[in-house]
Each structure stands twice: as C-alpha cells, then as structure tokens.
Amino acid sequence: MHGPAFFAYADNYLVDVKSGIIMDVEASRAIRQAEVGAAKTMIERTEQRFDIKPERLAGDTAYGSGANLNWLVNEAKIAPHIPVVDKSKREDGTFSREDFTFDKERNVYTCPAGKVLTTTGKLFNDGETLYYWARTHDCRRCLLKSHCCPKAPLRRLERSIYEEARDVARAPAKTEAFERSRRDRKRVEMLFAHLKRIFQLGRLRLRGPRGAQFDFTLAAIAQNLRRLARLVIRPPPVAEVCFA
C-alpha cells in the first residue's frame, strides 16, 4: 500500500444469500489461511446454535484449497461452489495431466503411450502433493516424447492428496447452479462495501482479537436490522378511489 506495514483484522461473514441475512461473523487475522479457517468455524457454530447447515457454499478461489475442499466434501457434506485453480494444464502444446489416465486402485497414471507413472508415496509441498514418475528407459524410446517432455529425460506429474475433493468441486463449474451461486455472492460483497461506505468502519474502536470480534459483531447486527426492516415493513395499501 506504499506505506508502513500495520496489523489488520479481517471480517468474515457467513451469509444466507437467499435473504441476505448474516448468519455468523468471525474476526481473524488478515491472512488467507485464517480466513479459510474462519469459514469452517462459522459453519460449525451455526449448525450447533441454530441447527442450520448450508447445502452449498459459495466462495472465491481463496476457499478452494485442497484441505478446505476435502473438509466440505467428505466431512461436512456441503457442495462446494468454489472456483478451483488448476495449474496442471500446459500452454506449450505438450501433454497436460488430463491427458494421462489415473487408476485409483493401483495408484498409478498411464501416459498416452501406455506407459505407467508410479509414486514413491513421499509427500511434498507442505505434505499435500504426490509426484508420479515415468521411467527414463520408457521416455527415452517413446515416439511421443516431443509432445510430452521434450526438455526433460522423463515425465513427472503432480497430484494433490485432496484431488478427489477437487474433482467434486470442478464438476458443477459449468452448471446453472454454479453460475447462480456466483451471482448470489454479490450480496456478500455488498455487505462489506456497506461496512466501509455507510458504516465507515475503516478502523476498529476496540483493541485485540476480542475487541475486533465485538466491533464486527455489532456491525453485523446493525446490517441485519437494516435488512430486517426492509423485509418486514411494507408500504401502506393504496386507497381505492370511489366515484359517485
């Protein structure tokens, strides 16, 4: 921001996008990992307090980490309507990972030439990634080497240990329901815009994590009251004009 560094808190909302009501609020440090953890906290707390559990969760790519998608799909049983960043596609014309076939039972990949890529089981990248390697002997004599690994002696693939959950998140990406979730997220962004523009919440009044939680909770209550007033209050009926 072209200035000295300062410590900041992030305001995280769990919003029912159908009605625009804030279901829960959680203050966190302004880093991505803390914000993703706040989403899990709010979902679990809302279910405990109100016995309400979302059928789907709409969020931006920050919530598309493998661990978070795995929790949503396999533990919380919530459909993730979250864009998944895929870095496995190549732009140089060589084969991408999607051109290889994965055998879940054998835990191997098969290349377009029919050769097998295996893994040692060792985890990389903070313990979330497996590497699958081809054999140098197979790649050296392969007729498709120029389309696969022209600058390397063998081909290597990366696969997240949460790839199955990532596949579940990719599936609805081109559906109408996913597009509707993307449009509904505008209501969430609007609430944060109101905090800055209408409530002028540029700085917190209280100190520390608990103070930030109090400030954000009071702001969420005010926003919910504004929304409640719009939902409950209706204009008076127009009197009919009588003619003699």
Side-chain angles (χ1 to χ4, degrees), residues 10-19 21-26 28-29 31-89 96-110 117-119 121-132 157-189:
D11 188 8
N12 303 280
Y13 281 169
L14 182 67
V15 181
D16 180 0
V17 292
K18 183 177 181 180
S19 60
I21 295 297
I22 303 171
M23 301 297 297
D24 202 348
V25 57
E26 178 73 9
S28 70
R29 293 169 294 163
I31 58 175
R32 177 172 297 183
Q33 295 87 342
E35 294 175 12
V36 173
K40 179 179 179 181
T41 299
M42 292 187 293
I43 291 173
E44 293 177 339
R45 190 162 55 200
T46 300
E47 184 176 7
Q48 294 172 359
R49 291 181 175 179
F50 307 116
D51 196 24
I52 296 176
K53 181 179 178 181
E55 296 179 355
R56 55 189 173 91
L57 180 68
D60 57 23
T61 54
Y63 297 91
S65 65
N68 188 54
L69 292 176
N70 180 69
W71 178 79
L72 288 171
V73 172
N74 297 318
E75 298 184 33
K77 307 299 181 183
I78 298 174
H81 284 197
I82 301 172
V84 180
V85 177
D86 189 2
K87 298 181 180 180
S88 64
K89 294 185 179 181
S96 299
R97 190 180 62 189
E98 61 184 11
D99 297 313
F100 294 71
T101 303
F102 182 68
D103 188 334
K104 181 179 178 180
E105 294 183 358
R106 297 168 57 198
N107 192 25
V108 297
Y109 274 98
T110 303
L117 286 76
T118 60
T119 179
K122 184 178 179 180
L123 295 174
F124 299 85
N125 298 338
D126 297 330
E128 293 190 4
T129 304
L130 287 171
Y131 287 153
Y132 291 78
L157 296 179
E158 297 181 8
R159 179 180 175 85
S160 170
I161 60 175
Y162 305 117
E163 198 63 36
E164 292 185 12
R166 288 165 56 87
D167 289 338
V168 172
R170 290 190 189 101
K174 297 182 180 180
T175 63
E176 177 59 29
F178 188 91
E179 182 64 23
R180 185 169 61 253
S181 295
R182 190 182 67 85
R183 294 194 301 265
D184 289 342
R185 281 191 58 246
K186 294 180 181 179
R187 295 186 177 183
V188 181
E189 302 299 334

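Remember, predicted model here, so these are calculated numbers, not experimental data. Scope of the values below: all heavy atoms of this structure, side chains included, with no hydrogens, waters or symmetry mates.
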Fill in: Pair Arg97-Asp86, side chain to side chain contact (heavy atoms under 4.5 Å, CB included): steps then yes or no
CA-CA 10 Å; Arg97 190 180 62 189; Asp86 189 2; 4.1 Å; yes

Practice prompt. Run the numbers on Arg159 and Thr129 for side chain to side chain donor-acceptor pair (under 3.5 Å), then give the verdict.
Written response: CA-CA 6 Å; Arg159 179 180 175 85; Thr129 304; over 6 Å; no

Fill in: Verdict with reasoning, Glu163 to Arg166, per salt bridge (charged side-chain N to carboxylate O under 4.0 Å, His left out)
CA-CA 5 Å; Glu163 198 63 36; Arg166 288 165 56 87; 3.5 Å; yes

Fill in: Intermediate values then yes/no, side chain to side chain contact (heavy atoms under 4.5 Å, CB included), Asp184 and Arg56
CA-CA 12 Å; Asp184 289 342; Arg56 55 189 173 91; 3.8 Å; yes

Discussion item. Is there a side chain to side chain contact (heavy atoms under 4.5 Å, CB included) between Ile52 and Met23? Walk through the geometry before answering.
Written reply: CA-CA 10 Å; Ile52 296 176; Met23 301 297 297; 3.9 Å; yes

Item to complete: Apply salt bridge (charged side-chain N to carboxylate O under 4.0 Å, His left out) to the pair Lys87 and Glu158, showing each step before the final yes or no.
Response: CA-CA 10 Å; Lys87 298 181 180 180; Glu158 297 181 8; over 6 Å; no

Discussion item. Run Phe102 and Lys104 through side chain to side chain contact (heavy atoms under 4.5 Å, CB included) and show every step you take.
Written reply: CA-CA 6 Å; Phe102 182 68; Lys104 181 179 178 180; 4.0 Å; yes

Distance-only donor-acceptor hits, side chain of residues 36-46, under 3.5 Å, sequence neighbours excluded:
| from | atom 1 | to | atom 2 | distance (Å) |
| --- | --- | --- | --- | --- |
| Thr41 | OG1 | Gly37 | O | 3.1 |
| Arg45 | NE | Asp24 | OD2 | 2.7 |
| Arg45 | NH1 | Glu26 | OE1 | 3.2 |
| Arg45 | NH2 | Asp24 | OD1 | 3.1 |
| Arg45 | NH2 | Asp24 | OD2 | 3.3 |
| Arg45 | NH2 | Val25 | O | 3.1 |
| Arg45 | NH2 | Glu26 | OE1 | 2.8 |
| Thr46 | OG1 | Met42 | O | 2.8 |

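A donor-acceptor pair under 3.5 Å links the side-chain atoms of Arg187 to the main chain of Val17, judged by distance alone.
Applying the ring pair (Phe, Tyr, Trp, His ring centres under 6.0 Å) criterion to Tyr63, with sequence neighbours excluded, gives no partner residue. Shown here are the ring pair (Phe, Tyr, Trp, His ring centres under 6.0 Å) partners of Tyr162, two or more places apart in sequence or in another chain: there are none. Evaluation of the salt bridge (Lys or Arg N to Asp or Glu O under 4.0 Å) rule for Asp167 yields Arg170 as partners, not counting sequence neighbours. Residues satisfying the salt bridge (Lys or Arg N to Asp or Glu O under 4.0 Å) criterion with Lys122, sequence neighbours excluded, are absent altogether. Contacts of Phe100 classified as ring pair (Phe, Tyr, Trp, His ring centres under 6.0 Å), with partners at least two apart in sequence or in another chain: none.
Atom CD in Glu35 sits 10.0 Å away from atom CG in Asp11 (nearest 0.5 Å). Taking NZ of Lys53 as the reference point, atom NZ of Lys77 lies at 8.5 Å (rounded to 0.5 Å). In this structure, the separation between CG on Leu157 and CG on Asp99 is 10.0 Å, given to the nearest 0.5 Å.
The shortest distance between side-chain heavy atoms of Leu57 and Pro80 does not fall below 4.5 Å. Put simply, the side chain of Asn107 reaches to within 4.5 Å of the side chain of Thr119, judged on heavy atoms. Between Glu164 and Asn74 there is no side-chain heavy-atom pair separated by less than 4.5 Å. Looking at heavy atoms from C-beta onward, Leu123 lies in side-chain contact with Ile161 at the 4.5 angstrom threshold.
Closest heavy-atom contact between Gly59 and Pro83: O-CD, 3.2 Å. Nearest heavy atom pair, residue Val84 against residue Ala169, reads CG2-CB, 3.5 Å.
Shown here is Asp103, whose CG atom has more than 12 heavy atoms of other residues, nucleotides or ligands within 6.0 Å. Heavy-atom neighbours of Glu55 CD from other residues, nucleotides or ligands within 6.0 Å: at or below the threshold of 12. Within a 6.0 Å radius of CD in Glu179, more than 12 heavy atoms belonging to other residues, nucleotides or ligands are found. In this structure, Arg29 places its CZ atom where only 12 or fewer heavy-atom neighbours from other residues, nucleotides or ligands lie under 6.0 Å away. Summarising the local packing, CG of Asp51 is surrounded by 12 or fewer heavy atoms from other residues, nucleotides or ligands at distances under 6.0 Å.
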